[in-house]
Amino acid sequence: MSTADQLRAELARAARALGAPPDVAPILERPRDPAFGDWTSNIAMVLARPLGRKPRDVAESLVQSLDLAAGGIRSTEIAGPGFINFRLETGTLAGVLPVILKQDAAFGRSVVGAGKKVNVEFVSANPTGPLHVGHGRQAALGDAISALLEVTGWSVSREFYYNDAGVQIANLALSTQARVRDLAGEATDVPEGGYHGEYIREIAERYVETYPADAHGDDLDQLRRFSVQELRKEQDRDLQAFGVQFQTYFLESSLYENGAVDRTVRALVDGGKTYEKDGALWLCTTAYGDDKDRVMRKSDGTFTYFVPDVAYHVTKWERGFARAINVQGADHHSTVTRVRAGLQAIGMGIPEGYPDYVLHQMVTVMKAGEEVKISKRAGSYVTVRDLIDEVGRDAVRYFFLMRKGDSQLVFDVDLARSQSEENPIYYLQMQHARMCGIFRNGGIAAHEISADGVDLSVLGEPEEQELVKALADYPALLVNAAQALEPHRLAGYLQETAAKASKWYHKHHVLDEPEPIFKARLVLARATQVVLRNGLAILGVDAPERM
RNA sequence: GCGCCAGUAGCUCAGUUGGAUAGAGCAACAGCCUUCUAAGCUGUGGGUCGGGGGUUCGAUUCCCUCCUGGCGCGCCA
C-alpha cells in the first residue's frame, strides 16, 4: 500500500467518524504549488454541506482525529477555503526509491486489467497505397495505447484489419493493369476510381519482371493478388520502420469465405430489427440512436461495408475479447453508432459500449509553407516513411503522441526537420542519457546500484523532493492514462519529470560528494533513469545511454 | 439543417474525476560554459481560458445558448 493510499484510508476513517456518508471517497492530490505541501485534500469542503458545518471547522475536526503517524505525516495545515495540506517526512517521501530500483523495468506495472483480453485494432489500411500520415498517427496512438494497457495488466492483442477483395481492390487491379499496358506500349487510361500514384507504376514493373508471360496484364486475378501482396509488403516495411508489430492480420474476405457475413445477416434478421424496402434490406439503427436507418443489403444483392464490419466485431467478441478498442480517424465516426447498433440488434449479450473508439482528428501536412493535399487517388501524399526518413522514428512517434487525439494536428515537415535540435524528444532522451553518464563517469554498473543501507532522508533539497514526488506519481499516472486511453498524458508527465531531473542535475552533483550524499543521490539518479526509460518504452521511443 | 471534435500567451499545445495566484515548449529580451553532456540552466515580459447566461463555497473544467474552424451526414468504404 502506497503512502498515498494509507493517507486516503486514514482520511476516510476520520471522515466517517465525523458522520460523513459511507460512500465518501477522499480526494488526495498533488497541490499545484509545492508551498501547499506534498499532498492536499478538499474533503472538508466536500463534507461541509452534508454535515451542515463550515469547511474550515470540518477540516479542524478532521485534522484533530487523524492518526498522523499512520501516513508518515510530518505536519498538516488548513489553508484557503478549507484545504488540508500534508507534508510528509523526507524518509517517507523517498520510500519509493528502493521500490523503483528493486522493480526496475517492472516499476509502474499494475494489475488493474486483471489479465482480461483486450483487442486493439489500428491502422487497418486497405492495401491500395502506402501508409500516409494519418495512419502514422494511428500507429503511434494504437501502439502506445496497447503498451499502456499491457503495463496496467491487460492481455493485449494488436490487430490490423484489411479488405483484400472489395471494389477498391478491383480498382487497384485495374490500375496496375493499365500501367502494365503502358509498359507494353499501349496507352491506357487508369479506370474511373482507380489509383494514380507512382507506386502503381513500380508495382507494374515488378509484375512484368515476375510474370513475363503476362506482359499485357490479361490475368486480372493474378494482377490483383500481386498488387495486394506488394502493397502489403510495403506497408509492413513502413510499420517495421516505425517499430509496430501486430499479432493478427484479419482479412475481410475471410468473413465471406467462412460464412460469418451470412450468419450475421441471419442473426440480425432473427433479431427482428430489419425490414425490406425498395428492394434493399435495412437495419433499424435508429432504434439505437442513429439519425436514419441503414442499408445492409443493396438492391443489387451485395452488402454494404458495415455488415462485414459488424460480423468482424462479432468475431472479436467470440474470440474472447472482453474489450475491443478501435483507433480510427474522426472521419469514420459515423460508423461508431452503426457498428454498435448492429451488435446490439443481434442480441447476443455484447455490452452496449462495445467496441470502444479512439477517434483522432485529422493530420494536415505542411511542406514549404503550403498544405500538402493528401489524396490516394490523385497520387499525392506524404507517407509515414517520408516522415520517418526526414525527422526520425522517435521524433515522429513522440510528435504524434504528445498531443491528445482530439486535437487537429499540423505536421509541418520543414519545421519538424529544422527543429530537430530543439525537438522535445531530444530533451527527454538527453535527461536519460545524462543519468547514464553519471554512472558511466563513476565507473558504476547501473543495475548494481542498490538502496540497501542507504539513508535516503538526506535527499532534502527542494529539487530532490520535487523529483522524488514526480517519480512516485508514475504508477498512478499510468493507470489514469491507460483508463483514459490517452498516451499524451504520459508524454506530458515525462516532459515534466525530465525538466525536474534537469533542474536537479544542474544544481546538485552526485559524484565526488561526501559518501552519504553520494549514495543517496546515486539512488535518485538511477530511479530517475529507470522511470524515464520505462515511460519512453511505452511510447515506443528509444532511451539511449549516451547521445 | 443535424451529429462529432476543437477554440487557452505572438506560435504549437497541456491543464488528470470542478479547487488555491491558469502552465510548458518555441519565439522575444537579459544573464550563465575551469563544475557528472550548454541538445542545457536561471530570470523577465506576455492571458477577456471564443461571447453570454446558469449550477455552487469555488467553473478553463459541468449544463444551456450563440459565434468561429475541422470532420461526417450514400443502396461508397
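We name chains A, B, ... by the order of the sequence lines, and we start the count at 1 in each one. Quick note: numbers below take in every heavy atom, side chains included, and nothing from hydrogens, waters or symmetry partners.
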Exercise. Which part of the nucleic acid, if any, lies within reach of D290(A) when heavy atoms closer than 4.0 Å are counted: base, sugar-phosphate only, or nothing?
Worked result: nothing
For this session: Report the distance from atom CZ of F306(A) to atom C1' of G72(B), rounded to the nearest whole Å.
Result: 17 Å
Problem set entry | Proximity to the side chain of V295(A) - top-ranked nucleotide from C75(B), A6(B), A77(B) | C75(B)
Exercise. Between L359(A) and A79(A), which has a closest nucleotide on RNA chain B that is more 5'?
Worked result: L359(A)
For this session: Can you sort out which residues in residues 474-509 of chain A have a heavy atom within less than 4.0 Å of RNA chain B? Ascending by number, please.
Result: H488(A), R489(A), S502(A), K503(A), Y505(A), H506(A), H508(A), H509(A)
Problem set entry | Sugar-phosphate only, base, or nothing, as touched by K404(A) at under 4.0 Å among non-hydrogen atoms | sugar-phosphate
Problem set entry | Atom-pair distance (CD on Q328(A); P on C4(B)), nearest Å | 18 Å
For this session: Test the R30(A)-W39(A) pair against the cation-pi criterion, namely NZ or CZ under 6.0 angstrom from the six-membered ring centroid and within 45° of the ring axis.
Result: yes
Exercise. Within the structure shown, what part of the strands sits under 4.0 Å from D309(A) by heavy-atom distance: base, sugar-phosphate, or nothing?
Worked result: nothing
Seminar exercise, completed: H332(A) NE2 to G72(B) C1', in whole Å, measures 11 Å
Problem set entry | Under 5.5 Å and under 30°: Y427(A) stacked on A39(B) | no
Exercise. Could you give the OH-to-P distance, from Y195(A) to A77(B), as a whole number of Å?
Worked result: 12 Å
Exercise. Taking for each residue the nucleotide of RNA chain B bearing the nearest heavy atom, is the 5' side occupied by G279(A) or by N85(A)?
Worked result: N85(A)
For this session: Round to a whole Å and report the spacing from CZ of R56(A) to P of G19(B).
Result: 20 Å
Problem set entry | Ring centre gap for F160(A) and F122(A) strictly below 6.0 Å | no
Problem set entry | Sugar-phosphate only, base, or nothing, as touched by S299(A) at under 4.0 Å among non-hydrogen atoms | base
Seminar exercise, completed: Going 5' to 3' through nucleotides 55-63 of chain B and flagging B where a protein heavy-atom sits under 4.0 Å of the base, S where only the sugar-phosphate is that close, and - otherwise, we get -SB------
Exercise. NA contact type, T335(A), heavy-atom cut-off 4.0 Å: base, sugar-phosphate, or nothing?
Worked result: nothing
For this session: Tell me what F36(A) touches on the nucleic acid: a base, only sugar-phosphate, or nothing, going by heavy atoms under 4.0 Å.
Result: base
Exercise. Ignoring hydrogens and angles, does a donor from either the side chain of Y426(A) or the base of A39(B) sit under 3.5 Å from an acceptor on the other?
Worked result: no
Exercise. NA contact type, R294(A), heavy-atom cut-off 4.0 Å: base, sugar-phosphate, or nothing?
Worked result: nothing
Seminar exercise, completed: Pairs under 3.5 Å (Watson-Crick or G-U), crossing ones as [ ], inter-strand ones as |: RNA chain B comes out as (((((((..((((.....[...)))).(((((.......))))).....(((((..]....))))))))))))....
Exercise. Could you state the CZ-P distance from R403(A) to C5(B), rounded to the nearest angstrom?
Worked result: 21 Å
Seminar exercise, completed: Test side chain to side chain donor-acceptor pair (under 3.5 Å), reference N326(A), set E159(A), Q138(A), H313(A), output is H313(A)
For this session: Round to the nearest Å and state the distance from W282(A) atom CH2 to C75(B) atom P.
Result: 5 Å
